[in-house]
There are 2 protein chains.
Amino acid sequence: MNSESPVAISTQALQRMPYYLQYLKQLQGDGVKLIAAPAIAEALGLNEIQVRKDFAAVSTAKGKPKTGFIVQNLIDNMEEFLGYHNVDDAVLVGVGSLGRALLSYQGFDQCGMHIVAAFDSNGSLIGGEVNRKKILPVTKLSEMCRRMNIHIGIIAVPENQAQMVCDQLVAGGVLAIWNFAPTHLFAPKNILVKNENMAASLALLSKHLKERIESE
Amino acid sequence: MNSESPVAISTQALQRMPYYLQYLKQLQGDGVKLIAAPAIAEALGLNEIQVRKDFAAVSTAKGKPKTGFIVQNLIDNMEEFLGYHNVDDAVLVGVGSLGRALLSYQGFDQCGMHIVAAFDSNGSLIGGEVNRKKILPVTKLSEMCRRMNIHIGIIAVPENQAQMVCDQLVAGGVLAIWNFAPTHLFAPKNILVKNENMAASLALLSKHLKERIESE
DNA sequence: TAGATTGTTAATCGATTAACAATC
DNA sequence: TAGATTGTTAATCGATTAACAATC
């Protein structure tokens with residue numbers, strides 16, 4: 001494994017990349033051409049050695065002592081590394097309030113994902129559209145995934161329907177699932193399931209506040 | 001630190017709690033009274049030793065060999081541990097499509113957070129409401145936070161406004177910030193900032209797909 | 001009793017941070 | 001040159017998993 005990447009990269013490092021990209025693009029917008037690792041570390045609240053390692057894992061060009069890295073190069077290398085250049089088609093299942101928000105979000109295309117259609121089981125929604133994406137009946141889900149060669153399935157349905165939707169996405173041949181339902185999903189090992197569980201984040205906030213307030 | 005909890009708990013363990021809770025409540029709904037760690041591990045795709053350790057960290061009652069744990073006890077212990085019983089008031093800033101979705105979500109109250117109001121800078125939104133939450137001018141943000149004793153600030157504004165909003169929330173005395181803007185925020189060390197960066201999750205998906213597709 | 005499950009101590013694994021020589 | 005910054009190897013830290021005795 002990792003045949004194409006000379007240096008292995010951790011999951012954590014991977015998820016720092018979008019923060020680097022956001023800041024690097026901001027610098028670029030301000031006309032900055034060069035940037036050093038310590039400056040980025042400072043701006044993003046990270047350790048500078050960590051930044052250097054992360055850059056080493058994705059950068060084709062080496063940094064120059066006393067100078068740093070070429071902003072444009074880093075942006076290109078990161079986007080290439082993350083696969084933002086070859087956009088994957090996605091479908092979204094569950095057109096509730098969260099589903100609508102995701103369908104309306106403009107930034108996914110720049111991150112290598114394009115939502116082509118939405119699915120729902122509610123007959124009154126079917127045939128409508130949100131942000132120019134048609135809402136189709138969920139009964140057609142796996143067939144459409146296969147026909148359109150969809151790679152990503154986004155699950156935004158209630159938790160009791162999530163596993164069923166997951167199964168159909170897998171049957172439709174998707175390779176990755178982005179799960180917004182607050183439940184564990186079973187999927188074949190070669191399918192990546194990324195959970196986005198608000199309750200898990202809230203647990204962190206709630207516990208922090210409980211401790212702060214109790215310690216008074 | 002950790003004076004009230006006999007066993008220290010990791011951030012990771014904390015974020016697993018909502019998954020346990022979800023499953024335990026499902027069991028309870030099915031009339032199941034007792035559950036063993038290996039069964040839960042199986043259902044949630046976790047290691048059974050990890051489950052036992054997580055339970056040991058929050059449970060007041062010990063598990064019984066050959067029997068397991070009392071479902072009701074675990075639910076109570078976890079909710080108490082996470083602070084779901086004492087609900088914290090929150091405000092949301094930025095009534096775009098994501099902000100609306102968050103305002104409409106019904107599950108936060110059960111997780112110890114209650115959104116009392118929303119703020120926006122767009123005059124045409126002010127005075128309106130979403131899911132019975134009034135939309136107020138962002139100019140009143142810190143004053144209102146202080147007056148209403150708000151503990152949590154939710155940031156759902158564009159990235160270029162996020163730091164300014166963060167500063168005002170801090171000025172208003174909030175203790176924790178839930179940041180949906182894809183940018184790093186600077187805040188005092190005693191304020192918890194939890195980032196919810198969709199781009200970071202997408203990076204994981206995009207990279208996985210790039211590798212899968214390249215390896216064909 | 002026998003066997004499944006518990007709780008805890010030790011070992012492993014992965015990620016971060018420190019130390020330091022190389023270089024512009 | 002001197003000093004800042006780079007890249008890499010070693011040390012530390014945190015979390016997970018393994019090993020195992022205790023117990024119902």
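Chain letters run A, B, ... following the sequence lines, proteins first, then strands; residues in each count from 1.
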Item to check | Minimum-distance nucleotide (side-chain atoms of B:N47 versus D:dA15, D:dT17, C:dT16) | outcome: D:dT17

Item to check | Separation of atom CD1 in B:I9 from atom P in C:dT8, rounded to whole Å | outcome: 15 Å

Item to check | Straight-line distance of B:D89 CG to B:I150 CD1, nearest 0.5 Å | outcome: 5.0 Å

Checklist entry - Can you check the B:K53 NZ to D:dA19 P distance for me, whole Å? => result 14 Å

Checklist entry - Do NZ/NE/NH1/NH2 and the carboxylate oxygens of A:E159 and B:K25 come within less than 4.0 Å? => result no

Checklist entry - In terms of the nearest nucleotide of DNA chain C, which residue is placed more toward the 5' end: B:F55 or A:A13? => result B:F55

Checklist entry - Looking at CZ of A:R16 and OG of A:S10, how far apart are the two atoms once the value is rounded to the nearest 0.5 Å? => result 5.5 Å

Checklist entry - What is the distance from CG of A:L44 to P of C:dT16, rounded to the nearest Å? => result 14 Å

Checklist entry - Are A:D54 and A:Q50 close enough, and set up right, to give a side chain to side chain donor-acceptor pair (under 3.5 Å), and what steps lead you there? => result CA-CA 6 Å; A:D54 289 349; A:Q50 189 170 56; 5.5 Å; no

Next on the checklist: With no hydrogens and no angle check, just 3.5 Å: does a side-chain donor-acceptor pair link B:D109 and B:H114?
Outcome noted: yes

Checklist entry - Do the rings of B:F180 and B:W178 sit parallel, tilted or perpendicular, given the 30° and 60° boundaries? => result tilted

Next on the checklist: Working to the nearest 0.5 angstrom, can you tell me the gap between B:N77 CG and B:F69 CZ?
Outcome noted: 10.0 Å

Item to check | A:Q50 vs C:dT16: side-chain N/O to OP1/OP2 distance below 4.0 Å | outcome: yes

Checklist entry - Got a minute to check which stems DNA chain C is part of, using Watson-Crick or G-U wobble pairs under 3.5 Å, three or more consecutive? => result C:3-24 with D:3-24

Checklist entry - So do the side chains of A:L175 and A:I152 get within less than 4.5 Å of each other, counting heavy atoms only? => result no

Item to check | Side chain to side chain, A:H208 and A:L204, heavy atoms closer than 4.5 Å | outcome: no

For nucleotides 4-6 of chain D, give me every protein contact, N/O to N/O, under 3.5 Å, one pair per line with atom names.
residue : atom : partner : partner atom : Å
D:dT5   : O4'  : A:K66   : N            : 3.2
D:dT6   : OP1  : A:A37   : N            : 2.9
D:dT6   : OP2  : A:R52   : NH1          : 3.3
D:dT6   : O3'  : A:G63   : O            : 3.4

Next on the checklist: Rounded to whole Å, please give me the gap between CD1 in A:I49 and P in D:dG7.
Outcome noted: 13 Å

Next on the checklist: What I'd like to find out is whether the side chain of A:K64 reaches to under 4.5 Å of the side chain of A:L34, using heavy atoms alone.
Outcome noted: no

Checklist entry - Yes or no on side chain to side chain contact (heavy atoms under 4.5 Å, CB included) for B:N86 and B:D88, after CA distance, side-chain angles and deciding distance? => result CA-CA 7 Å; B:N86 36 339; B:D88 296 288; 5.9 Å; no

Nucleotide N/O to protein N/O under 3.5 Å, stretch nucleotides 11-14 of chain C:
none

